[in-house]
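Step one of this worksheet: look at the structure below.
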Amino acid sequence: MQSNVKQVFKLLPAVLVLIAIIITIMTWVNLSTLRGFFEAWSRAFFFATVTVLPIGGLMFLALYQFIGRVFRKWPEMLRNLLIGIVMTLLLESIMALTTTASIQNFQSINEFFDLYMMSFLYALPVGLLYASVTAVMVNFEVEQEVIARAKRQ
């Protein structure tokens, strides 16, 4: 258990940087000026850190178990990639929604939806790139751990 907690804290800075980058893109798309940028960005970042991050952790655990059961015959790297893609889609849609709602500069529901979609689509490549790199890195770390254990025995 203590090892899992250490792993989570080891990943936390990278996750916070990813959230900051995605929120920056989404805030910039919504405002497209520097006026009020930092205030809007900090509100969105704070909200994402205290709400979306814990919800994302719980969603990850549930999704990890679900995909592990349903796609158990798939190679681990493909399962990790699927988890990363689904998590990216879910969490970025939540962050785009909350970031767009925090800006409050829209005149109609159509304008809100357009800003939401722009925020989501502009930040999506960053999230998908992160998910892909993470899937490969996790697979590499697992392989290295297996090799190290085999050598010890």
Side-chain angles (χ1 to χ4, degrees), residues 4-72 74-144:
N4 292 340
V5 172
K6 283 183 183 179
Q7 286 294 100
V8 168
F9 281 114
K10 201 164 108 176
L11 293 174
L12 192 59
V15 171
L16 290 174
V17 167
L18 176 66
I19 289 172
I21 291 169
I22 288 172
I23 294 295
T24 300
I25 293 168
M26 291 178 177
T27 305
W28 182 260
V29 166
N30 278 302
L31 290 178
S32 57
T33 64
L34 289 177
R35 198 174 102 218
F37 178 84
F38 185 72
E39 181 184 340
W41 178 88
S42 56
R43 267 195 323 260
F45 180 75
F46 176 76
F47 184 80
T49 303
V50 299
T51 60
V52 177
L53 188 61
I55 290 169
L58 295 174
M59 286 172 40
F60 175 80
L61 291 173
L63 189 64
Y64 181 81
Q65 291 176 349
F66 175 77
I67 288 178
R69 266 188 264 124
V70 173
F71 301 103
R72 67 178 160 269
W74 284 19
E76 185 174 1
M77 189 161 130
L78 282 179
R79 288 193 311 258
N80 289 340
L81 188 57
L82 180 61
I83 291 168
I85 290 169
V86 172
M87 289 296 295
T88 298
L89 293 172
L90 291 171
L91 294 178
E92 282 199 24
S93 64
I94 294 169
M95 285 191 289
L97 181 69
T98 58
T99 301
T100 304
S102 74
I103 303 298
Q104 300 172 354
N105 284 344
F106 42 89
Q107 304 299 322
S108 68
I109 193 71
N110 288 337
E111 186 180 356
F112 174 81
F113 184 74
D114 290 345
L115 287 172
Y116 163 78
M117 286 306 294
M118 261 189 359
S119 297
F120 177 73
L121 293 175
Y122 272 71
L124 189 59
V126 174
L128 291 175
L129 177 66
Y130 182 81
S132 302
V133 169
T134 302
V136 171
M137 288 175 55
V138 166
N139 192 55
F140 178 75
E141 285 183 21
V142 168
E143 287 175 358
Q144 294 301 318

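It should be emphasised that the depicted structure is a prediction, and the values quoted were computed from it without experimental measurement.
From F38, atom CZ reaches atom OG1 of T24 across 10.0 Å, with rounding to the nearest 0.5 Å. Interatomic distance, CD of E111 versus CD1 of I109, reported as 10.5 Å (0.5 Å rounding). Rounding to the nearest 0.5 angstrom, the gap separating the CG atom in D114 from the CG atom in N110 is 6.5 Å. Between the OG atom in S42 and the CZ atom in F37 there is a gap of 9.5 Å [rounded to 0.5 Å]. Taking OG1 of T99 as the reference point, atom CD1 of I23 lies at 3.5 Å (rounded to 0.5 Å). One finds the CG atom of L121 at 12.0 Å from the CD1 atom of I25 (value rounded to the nearest 0.5 Å).
Taking each heavy atom of V29 and S119 in turn, the nearest pair found is CG1-N, 3.8 Å. The minimum heavy-atom distance linking A40 with T27 is given by the pair CB-CG2, 3.9 Å.
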Just do the side chain to side chain contact (heavy atoms under 4.5 Å, CB included) check on N80 and I67 with the steps written out, would you?
-> CA-CA 9 Å; N80 289 340; I67 288 178; over 6 Å; no
Go through it in stages, so that I can follow the logic: the residues are L82 and R79, the test is side chain to side chain contact (heavy atoms under 4.5 Å, CB included), and I'd like the CA-CA distance, side-chain angles, deciding distance and then a yes or no.
CA-CA 5 Å; L82 180 61; R79 288 193 311 258; 5.7 Å; no
Pairs of donor and acceptor atoms involving the side chains of residues 84-97, under 3.5 Å and at least two apart or interchain, shall be tabulated with distances.
from : atom 1 : to   : atom 2 : distance (Å)
T88  : OG1    : G84  : O      : 2.7
T88  : OG1    : G127 : O      : 3.4
E92  : OE1    : L124 : N      : 3.2
E92  : OE2    : G127 : N      : 3.3
S93  : OG     : L89  : O      : 3.0
S93  : OG     : L90  : O      : 2.7

Acceptor/donor pairs from residues 51-61 side chains to any protein atom, 3.5 angstrom cut, sequence neighbours excluded:
from : atom 1 : to  : atom 2 : distance (Å)
T51  : OG1    : F47 : O      : 2.5

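Under the 30°/60° scheme for interplanar angles, the aromatic rings of F113 and Y116 are found to be tilted.
Shown here are the side chain to side chain contact (heavy atoms under 4.5 Å, CB included) partners of F46, two or more places apart in sequence or in another chain: V50.
Within 6.0 Å of the CZ atom in F71, the count of heavy atoms belonging to other residues, nucleotides or ligands exceeds 12.
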